[in-house]
2 protein chains.
Amino acid sequence: MVKITIQEVAEKYDLSKDTLRYYEKEGLIGPISKNKSGIREYQEEDLNRIEFVKCMRSAGLSIAVLKEYIKLYDEGDSTKDARMKLLEKERVLLKEKIDCMEEAYQKLNYKIEYYKKEK
Amino acid sequence: MVKITIQEVAEKYDLSKDTLRYYEKEGLIGPISKNKSGIREYQEEDLNRIEFVKCMRSAGLSIAVLKEYIKLYDEGDSTKDARMKLLEKERVLLKEKIDCMEEAYQKLNYKIEYYKKEK
DNA sequence: TCTTGACTTGGAGTGTACTATAAGTAGTAT
DNA sequence: ATACTACTTATAGTACACTCCAAGTCAAGA
């Protein structure tokens with residue numbers, strides 16, 4: 001069983017140690033097991049969760065939503081339907097955001113092209 | 001020359017009146033002309049700017065960046081190159097964000113499909 | 001043994017972007 | 001004239017997501 005320090009996790013996922021502790025406090029990850037000195041030892045399964053949270057956070061899903069999802073997850077199989085509904089809702093929001101950003105991207109392209117042609 | 005009230009602009013672009021005044025104070029739009037009672041009268045050209053700002057803001061460009069762009073714009077033709085460079089930089093950042101969100105979108109899709117199949 | 005460095009906690013502080021409040025004015029309806 | 005509504009300003013407050021700080025612990029190396 002591989003154990004990884006907070007430092008290593010922070011480097012691996014480009015998150016600060018403070019952020020990792022913050023996510024844990026908020027219940028987005030963990031609870032992470034600790035050694036006899038009280039130092040965190042991240043396990044393989046923790047890393048999957050961290051990767052998921054990081055990906056969703058950088059896509060703009062809020063801490064609150066992720067917290068809710070993980071709460072449901074920890075409550076067991078009976079919440080599968082609620083979890084799916086939550087994800088579907090977030091998917092719609094995410095799609096809207098992506099569309100909005102694509103639109104801005106096209107506008108930026110257009111403006112940049114205009115500047116280039118003018119030269 | 002058409003004149004539009006802040007109320008109408010707010011409704012048209014789904015921005016609060018406070019936000020419109022805030023953007024103006026920050027120099028992202030305007031300065032908006034006022035009637036003898038001191039009330040804002042938005043003109044056609046103001047609306048184009050508002051639409052641009054709204055689009056870029058909802059795509060995640062910061063107030064600071066937009067402020068800088070508009071400052072350069074107001075300084076005249078000599079800043080065209082700087083403006084283009086600024087937009088190109090933001091375009092790269094925006095592309096990265098879109099890619100990141102697409103990735104999250106795929107992950108969400110995958111998870112949702114998993115829940116659906118399980119049923 | 002002493003120092004160094006990385007860790008721990010709880011709580012305070014920060015940046016960004018609004019958003020709300022208070023106090024006042026101006027124009028319209030009764 | 002009075003009430004109502006929408007506007008104005010300046011400034012304070014809020015939400016979110018970190019980010020930093022102080023004070024202390026622990027293990028390893030000189």
Side-chain angles (χ1 to χ4, degrees), chain A residues 3-43 46 49-50 52-70 90 93-94 97 100-101 104, chain B residues 3-43 46 49-50 52-70 90 93-94 97 100-101 104:
Chain A
K3 292 165 191 172
I4 310 170
T5 68
I6 195 168
Q7 177 79 47
E8 286 162 338
V9 176
E11 277 162 16
K12 188 169 164 67
Y13 293 101
D14 195 29
L15 294 167
S16 76
K17 287 177 279 179
D18 275 328
T19 298
L20 285 167
R21 283 186 287 250
Y22 169 67
Y23 284 175
E24 187 181 348
K25 197 170 65 181
E26 291 298 315
L28 268 58
I29 55 175
I32 307 301
S33 50
K34 314 236 180 103
N35 70 13
K36 53 272 167 234
S37 308
I39 292 186
R40 286 174 179 78
E41 291 175 338
Y42 291 80
Q43 322 281 333
D46 296 325
R49 173 71 65 84
I50 290 166
F52 173 71
V53 167
K54 189 199 162 158
C55 177
M56 294 303 143
R57 276 297 302 129
S58 52
L61 275 73
S62 71
I63 298 280
V65 162
L66 261 14
K67 198 162 146 171
E68 172 70 10
Y69 177 74
I70 270 120
E90 291 308 310
L93 295 174
L94 186 51
K97 268 199 236 169
C100 174
M101 290 170 94
Chain B
K3 291 164 190 172
I4 310 171
T5 67
I6 195 168
Q7 177 79 46
E8 286 162 338
V9 176
E11 277 162 19
K12 190 169 161 67
Y13 294 101
D14 195 30
L15 293 168
S16 76
K17 288 176 279 179
D18 276 329
T19 298
L20 285 167
R21 284 185 286 251
Y22 169 67
Y23 284 175
E24 185 180 350
K25 196 170 67 181
E26 292 297 316
L28 268 56
I29 56 175
I32 307 299
S33 52
K34 313 236 182 102
N35 70 13
K36 52 276 168 233
S37 308
I39 292 185
R40 286 173 179 78
E41 291 175 339
Y42 291 81
Q43 323 280 332
D46 295 324
R49 173 70 64 86
I50 289 166
F52 173 72
V53 167
K54 188 199 163 160
C55 178
M56 294 303 143
R57 277 296 301 128
S58 51
L61 274 75
S62 72
I63 298 278
V65 161
L66 261 14
K67 198 166 157 164
E68 172 69 11
Y69 177 74
I70 270 121
E90 291 306 311
L93 295 174
L94 187 51
K97 268 197 236 169
C100 173
M101 291 170 93

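In the text below, chain A, chain B and the rest are named by the order of the sequence lines, each starting its count at 1.
The ring-ring contact (aromatic ring centres under 6.0 Å, His included) test applied to Phe52(A) returns Tyr69(A), not counting sequence neighbours. Partners of Ser62(B) by side-chain hydrogen bond (donor to acceptor under 3.5 Å, both in side chains), not counting sequence neighbours: none found. Applying the salt bridge (Lys or Arg N to Asp or Glu O under 4.0 Å) rule to Arg57(A) yields no partners; only residues at least two apart in sequence or on another chain are considered. Under the salt bridge (Lys or Arg N to Asp or Glu O under 4.0 Å) criterion, Glu68(A) pairs with Lys71(A), not counting sequence neighbours. Under the salt bridge (Lys or Arg N to Asp or Glu O under 4.0 Å) criterion, Lys67(A) pairs with Glu26(A), not counting sequence neighbours. In this structure Glu24(B) satisfies the salt bridge (Lys or Arg N to Asp or Glu O under 4.0 Å) test together with Arg40(B), sequence neighbours excluded. Residues that satisfy the side-chain hydrogen bond (donor to acceptor under 3.5 Å, both in side chains) test with Ser58(A), not counting sequence neighbours, are absent from this structure.
Considering all non-hydrogen atoms of both residues, Ile32(B) and Glu41(B) come closest at CG2-O, 3.6 Å. Here the closest non-hydrogen pair linking Lys17(B) and Gln7(B) is NZ-OE1, 3.3 Å. When every heavy atom of Ala10(B) is checked against every heavy atom of Leu20(B), the shortest pair comes out as N-CD1, 3.7 Å. Residues Ile50(B) and Tyr13(B) come closest through the heavy atom pair CG2-CD1, 3.9 Å.
Between the CG atom of Leu20(A) and the C1' atom of dT9(C) there is a distance of 16 Å, given to the nearest Å. Atom NZ of Lys36(B) and atom C1' of dC7(D) are 13 Å apart (whole Å). Here dA17(D) presents its P atom at 17 Å from NZ of Lys54(A), a figure rounded to the nearest Å. A straight line from CD of Glu26(A) to C1' of dA15(D) spans 13 Å, rounded to a whole angstrom. Counting to the nearest Å, the P atom of dT5(D) and the CD atom of Glu8(B) are 19 Å from each other. Rounded to whole Å, the distance from CD on Glu24(A) to P on dG10(C) is 11 Å. In this structure, the CG atom of Asn35(A) is 9 Å from the C1' atom of dC26(D), given to the nearest Å. Counting to the nearest Å, the P atom of dT9(C) and the OH atom of Tyr22(A) are 16 Å from each other.
Residue Tyr23(B) has a polar side-chain atom (N or O) positioned under 4.0 Å from OP1 or OP2 of dC18(C). Taking only side-chain nitrogens and oxygens, Thr19(B) never comes nearer than 4.0 Å to OP1 or OP2 of dA17(C).
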Could you run down the sub-3.5 Å N/O contacts of the protein with nucleotides 9-11 of chain D?
residue, atom, partner, partner atom, Å
dT9(D), OP1, Lys34(B), NZ, 2.9
dT9(D), OP2, Arg40(B), NH1, 3.0
dT9(D), OP2, Arg40(B), NH2, 2.9

Kindly give the atom pairs (protein nitrogen or oxygen, nucleotide nitrogen or oxygen) under 3.5 Å for nucleotides 2-6 of chain C.
none

Pick out the pairs of N or O atoms, protein on one side and nucleotides 22-24 of chain C on the other, that lie under 3.5 Å.
none

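Checked against dC26(D), dC7(D), dC18(D), the side chain of Thr5(B) finds its nearest nucleotide in dC7(D).
Identified under the salt bridge (charged side-chain N to carboxylate O under 4.0 Å, His left out) test for residues 5-15 of chain B, with sequence neighbours left out: none.
Residues from residues 57-67 of chain B with heavy atoms under 4.0 angstrom of DNA chain C, sorted by number: Arg57(B), Ser62(B), Ile63(B).
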* To do: For salt bridge (charged side-chain N to carboxylate O under 4.0 Å, His left out), just list the numbers for Asp46(A) and Arg49(A), CA-CA rounded to whole Å, side-chain angles, deciding distance to a tenth of an Å, and then say yes or no.
  => CA-CA 5 Å; Asp46(A) 296 325; Arg49(A) 173 71 65 84; over 6 Å; no
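Side-chain atoms of Ser33(B) and Gln43(B) include a donor-acceptor pair closer than 3.5 Å.
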